[in-house]
Amino acid sequence: MAEERRPKQCTVVLPTESMKAMAESIGVGQLQEESCAALSEEVSYRIKEIAQDALKFMHHGKRRKLTTSDIDHALKLKNVEPLYGFQSQEFIPFRFASGGGRELHFYEEKEVDLSDIINTPLPRVPLDVSLKAPKEQQKAESTEPLKVVKPGQEEEGSIQKGQGAISAEAKGKKEGLMRMKPRSTHELSVEQQLYYKEITEACVGSCEAKRAEALQSIATDPGLYQMLPRFSTFISEGVRVNVVQNNLALLIYLMRMVKALMDNPTLYLEKYLHELIPAVVTCIVSKQLCLRPDVDNHWALRDFAARLMAQSCKTFSTTTNNIQSRITKTFTKSWLDEKTQWTTRYGCIAGLSELGPDVIKTLILPRLTVEGARIKAVSEGPVVSNIDKIGADHVQSLLLKHCASVIAKTRPLPDNMEQYRADYGYLGPTLCSHVVKARAQAALQAQQVNRTTLTITQPRPTLTVSQSGIGGSGGSRSPSIIKVPSSLTLMSTRPGTPTQPSPPATKYIVMATSAGASSTQQVLDGSLVITLSSSSGSSVTSTVASATSTLQPLVKLESRAASGLGGSRPLQKYIVVSLPTSASSSLESKSGMLPPSSSSTSPISLEAGMKMDHTGCVPNGTLLPI
Amino acid sequence: MAAVQDGQLNMEVEKDIKTEITNDGSGNINANSSSPGSTSSGGKSKSPAGSGEDQQTLLAVLQFLKRNKLTESVDILRREAGLSADADDSPVSDSAGAGSGGVPNVSADGGDANSLLSRVSIATPFAPPATAPPKVVAASGGEDQPDVNVVLSAYSQQGDPVLYPLYYNGLKKFIESVLDCHRAELSQVFYPLFVHMYLELVYNNHENEAKQFFEKFSGDQECYYEEDLRILSSMSKKEHMKGNETMLDFRTSKFVLRISRDSYQLLKRHLQERQNNQIWNIIQEHLYIDIFDGMPRSKSQIDAMSGSLAGEGKRDANKAKVFYGLLKEPEIEVPLDDEDEEAENEEGKPKKKKPKKDSMGSKSKKQDPNAPQQTRIPLPELKDSDKLDKIMNMKEATKKIRLGPDNLPSICFYSFLNAYQGLTAVDFTDDSSLIAGGFADSTVRVWSVTPKKLRRVKSAADLSNIDKESDDVLERIMDEKTASESKILYGHSGPVYGISFSPDRNYLLSSSEDGTVRLWSLQTFTCLVGYKGHNYPVWDTQFSPYGYYFISGGHDRVARLWATDHYQPLRMFAGHLADITCTLFHPNSNYVATGSADRTIRLWDVLTGNCVRILTGHKGPIHSLAFSPNGKFMASGATDGRVLLWDVGHGLMVGELKGHTDTIYALKFSRDGEILASGSMDNTVKLWDTLKAFDDVELDDFTAATGHIHLPENSQELLLGTYMTKSTPVIHLHFTRRNLLLAAGAYNP
């Protein structure tokens with residue numbers, strides 16, 4: 001490689017035209033061609049010589065960049081008058097001109113009005129050089145004998161082994177520099193700043209209606225890319241702070257923000273995954289996420305975050321960033337660790353299970369025996385803390401839920417209880433019964449699929465739940481927050497929304513209405529309206545498993561064009577009225593077919609602001625969290 | 001300019017050579033105060049000289065005889081002088097400047113150490129003004145030009161330019177066809193031969209042939225010569241050769257090759273058979289072939305040692321005895337209380353041996369056989385404050401952490417904020433209480449890193465009001481109003497490239513692009529002396545570990561040894577072929593190591609001024625040096641990102657530490673020498689297990705005698721840790737007395 005370059009270096013000389021141009025510039029016309037050639041060689045040689053000397057100064061200045069002062073010093077070394085006052089704001093100060101068959105680069109000399117310079121306000125005085133040392137040093141200077149600290153273990157101040165950063169120092173430097181050198185490249189306009197402020201406040205504020213609107217805006221607004229770095233920092237910082245404070249609610253809000261960001265098709269999250277993924281993973285595996293782990297349902301957050309994680313793996317994992325395998329490794333590693341707490345264990349398993357049946361098959365099934373023994377030790381063992389017991393219970397149901405469906409698909413019949421015990425240990429028998437149920441469910445589903453299939457191939461599914469108010473009057477947007485007593489699940493294959501495996505049977509009748517008829521649509525009082533905007537090339541199956549029979553949920557499926565621009569398209573509406581749930585399906589939903597997030601203990605109440613749509617171009621409804 | 005001078009070439013040659021000689025002579029007088037040799041030689045040589053060239057030849061031979069006592073070389077010279085008048089050996093006539101090999105500018109008879117200091121002060125009146133920089137480069141125009149012509153005239157021998165590639169190719173074919181064991185050795189010939197043939201072509205105005213020759217064969221050269229080839233490639237005209245340093249380096253010094261006798265015989269036979277006089281002449285004239293008996297060396301062995309501008313060091317250049325042992329520590333009792341101290345001071349002089357011993361006193365009672373005489377060079381006597389400091393040092397040493405592979409040091413990083421790449425040099429005091437930084441904006445800044453603020457001494461008027469009898473007079477003379485954490489020292493007029501604290505923390509040295517070395521007082525924070533001698537940028541300066549002396553080296557290729565109270569250098573160490581980039585005192589202060597852009601390290605004897613070691617092996621300019629605390633080993637780091645370890649006593653390379661990807665600007669051994677820390681431009685600090693590195697080396701008599709090293713291939717095993725900064729090149733490292741590693745650099749946003 002180097003060899004190839006060398007001959008080139010040997011021959012590079014300035015073009016003779018440059019010599020002519022320079023000669024003309026000092027008043028020498030008609031320079032002989034030979035003189036030009038001779039001059040250009042001589043000049044090229046001298047320039048190279050000076051450049052080589054200048055390099056020396058660069059090396060001794062301990063820099064990687066050659067500066068004009070290096071060249072000045074090199075000239076001084078050769079007893080040549082340096083170029084005084086050369087400085088340029090731009091990288092290459094030359095202008096290009098051509099004409100008459102000649103091409104020319106020249107240095108533009110502008111006329112400067114002195115009064116302008118005098119009147120412009122002075123720039124800020126640059127900060128003086130200062131010395132920054134980590135706090136550790138104070139210890140070193142005191143008289144107490146130094147403790148030996150291994151590089152990996154130092155809390156602060158010393159260089160972290162292999163971490164690629166001097167933690168405290170780097171932080172300190174950042175602060176110092178941020179103060180004095182604000183980045184000007186990514187300035188937000190005042191409107192954007194206001195928007196950002198509103199959105200973030202709404203997202204973590206107490207008003208659920210506002211939050212729903214804000215999330216909807218994040219998920220749909222096409223012009224958010226400028227704010228994306230801010231959002232991702234907001235989320236990652238927010239998670240960092242709230243994990244420490246065990247503020248479960250805020251963590252949930254932040255995860256919903258992540259989901260909304262992922263739902264927005266105009267945003268490219270790839271560049272911000274380094275901030276988002278740690279935040280999400282934190283919410284999955286953190287030891288403690290809430291103040292009272294025995295009471296609060298942090299399991300739902302873990303599940304939700306795990307689904308987010310699985311989704312981003314599916315969407316963003318490439319051969320170069322290898323997100324999926326890295327994430328898998330992380331989960332597996334902490335799962336395999338004996339000392340891992342039940343909460344983290346749960347998170348790891350949830351995270352792995354969401355990654356799909358293949359992962360379950362290869363990573364989770366082989367561990368079932370070990371895990372079963374562990375659960376057994378907790379649940380049947382003598383002295384055990386309540387928290388551990390709850391954790392073990394959750395892990396057990398999680399394992400059963402995910403493994404049963406996979407086993408049902410892969411394991412040949414018959415389902416022998418003893419055989420299961422032999423294969424999967426403590427969990428075997430329970431697992432067996434679950435598998436049997438799963439098989440029955442699958443069979444039932446197959447039947448129902450034959451009967452009623454809801455396949456909507458429309459762009460952008462966003463699920464919005466709106467509670468119809470008392471009247472259907474157009475502008476009334478009373479943000480009444482209604483706790484939806486029903487558990488509700490949504491299944492979508494479109495990437496961007498966390499999916500839920502094995503939906504229960506579909507129980508809907510779908511009625512399509514024309515766009516014009518939307519205003520005439522009657523909505524039953526007190527009934528639940530679900531608006532579905534479906535996305536391109538994907539099928540949406542949505543289910544509502546109604547636990548309370550008094551309510552007749554209505555699912556409204558609304559199709560829109562790919563982006564918010566599609567206002568011109570006539571709105572198509574589907575009214576889905578749920579069938580009375582059969583006895584078997586409601587039983588199933590209670591017996592764990594539904595994810596814990598939608599179980600009745602979920603702290604995430606399904607709240608929705610009421611919103612009625614009258615015109616097709618306004619995206620209606622509010623966003624449903626799960 | 002050049003054209004005009006060509007016209008009156010002969011005249012000027014003669015004239016300038018005369019001036020050169022007188023300069024040279026007086027220079028010698030200055031240094032030895034009693035060396036009539038060189039002046040008289042000048043006189044003698046002039047008389048029989050008919051033409052300018054004859055005169056040069058004779059002069060050269062005579063000077064060489066006198067100076068070097070290298071009978072071998074002299075024989076060759078004589079033979080050549082007989083053969084052709086053109087073949088005069090110009091390196092000799094040039095020796096006043098760049099010098100050849102280890103030619104000392106200071107004669108070796110100045111061994112009487114006690115009189116050294118006084119003698120220099122006597123000698124100073126005779127010293128020439130600082131206008132005679134021993135620099136060969138034609139930077140100041142006329143004066144150096146004839147010198148260059150002399151050098152170049154050696155190339156005037158004409159051969160058919162068309163045949164050059166054939167000759168070269170013929171040799172290439174031959175070397176490729178010889179036995180494997182000889183091939184690696186003989187391949188060493190390629191590079192110098194290539195360069196000299198190319199230069200001959202260029203000199204004789206065969207520009208196109210030269211270019212073709214270059215293109216054809218430059219690819220064959222070893223990759224580590226790429227830098228030089230680049231410079232070479234830009235030279236395509238005879239005029240360019242004047243004033244080009246690299247070119248002169250090739251001419252003024254013989255390229256040294258080490259070849260086994262068998263391989264050499266092969267080559268010789270081949271060339272004589274083929275009547276290949278062109279190549280044979282070049283080998284005779286421009287190469288120094290160091291023939292040894294024994295097994296030819298392997299390719300890796302050769303590669304480890306080669307890479308320097310002028311080939312390997314000659315074997316006999318590294319034969320001189322080096323007293324690498326440490327001086328005996330003065331006996332100081334650690335006082336139980338302060339009253340004891342007064343009594344100890346009477347006996348605590350460095351020369352005296354004292355049977356009484358403290359547990360943490362000096363390590364051995366016996367004199368180290370490898371240590372120099374305590375009085376070999378005069379060292380300043382210890383002051384009370386020095387003793388106090390030594391006591392502090394010992395106390396600290398008891399709290400020192402024993403480092404090792406399992407017990408790595410903590411690293412504390414001092415970052416310079418808002419320095420905007422302007423930080424060019426850093427130094428810590430030995431007790432780690434002060435940090436000094438040299439900056440590209442010509443300033444020197446000193447920080448106190450302890451709660452103790454920096455204070456200036458009061459002005460003279462205020463000082464007269466102080467009660468001199470009071471106990472706390474030292475406290476009273478300080479001006480409390482000036483207390484601050486940092487002080488700025490203004491005085492230089494160019495970037496400050498080197499900086500060094502005196503061991504007693506009273507002075508600070510700084511060297512700058514403006515060609516001066518300045519001594520600053522840390523009591524008054526003013527400049528005390530500006531040492532002018534280098535007329536070109538001074539890249540580095542360093543205080544002796546005992547204070548008083550300091551060394552400086554710079555672009556003029558001469559390292560100078562100074563004493564703080566003399567404005568003229570005591571010694572001038574000439575021999576490097578390119579800029580001296582870093583300087584370092586041996587822990588016993590009797591030797592000085594200099595690293596250079598010619599990719600060699602030289603070790604100089606402070607007493608005699610002789611070059612006692614030439615260490616080759618780096619493939620890029622050397623930017624950092626470190627001696628192990630026991631003085632036995634040395635580490636060096638270069639732009640090639642490698643750290644090499646050297647056995648100073650044997651003059652051998654004993655290790656190669658690969659891992660850095662950019663220039664290594666900082667090296668430091670831990671206080672006990674178990675760990676070497678290296679800091680680099682690539683934003684990392686790496687720690688190396690030196691104990692293991694030095695243990696692994698098996699030094700039998702054979703390797704010691706021939707210099708054939710077998711480097712262990714395990715530098716990765718020696719790497720104990722890599723510590724990255726975010727974006728801060730590491731430009732200085734320092735182990736505190738308790739073995740905490742301090743690093744410094746400027747944050748580079």
ask   = Between NE2 of H60(A) and OG1 of T663(B), what distance do you get to the nearest 0.5 Å?
value = 10.0 Å
message = With rounding to the nearest 0.5 angstrom, report the CG to CG distance, D53(A) to D579(B).
response = 8.0 Å
Which heavy atom of [X] sits nearest to which heavy atom of [Y], and what is that distance?
X: H555(B); Y: K56(A); result: CE1-NZ, 3.5 Å
X: L77(A); Y: P537(B); result: CD1-CD, 3.3 Å
X: D682(B); Y: R64(A); result: CA-NH2, 3.7 Å
X: T424(B); Y: G61(A); result: CG2-CA, 3.5 Å

Heavy-atom cut-off 4.5 Å, strictly under: side chain, backbone, both or neither for [X] against chain A?
X: Y497(B); result: both
X: D540(B); result: neither
X: Q212(B); result: neither
X: T639(B); result: side chain
X: I435(B); result: side chain

Do the side chains of [Y] and [X] get nearer than 4.5 Å, heavy atoms only?
X: P495(B); Y: F57(A); value: no
X: E485(B); Y: L131(A); value: no
X: D128(A); Y: R445(B); value: yes

task = Just jot down the side-chain contact (heavy atoms from CB on, under 4.5 Å) partners of T233(A), sequence neighbours excluded, or say none.
result = E237(A), E275(A)
ask   = Between R230(B) and Q52(A), is there a donor-acceptor pair closer than 3.5 Å when you use the side chain of the first and the backbone of the second?
value = no
ask   = Can you list every pair that meets salt bridge (Lys or Arg N to Asp or Glu O under 4.0 Å) and has a residue in residues 36-45 of chain A, with sequence neighbours left out?
value = E41(A)-K237(B), E42(A)-R46(A)
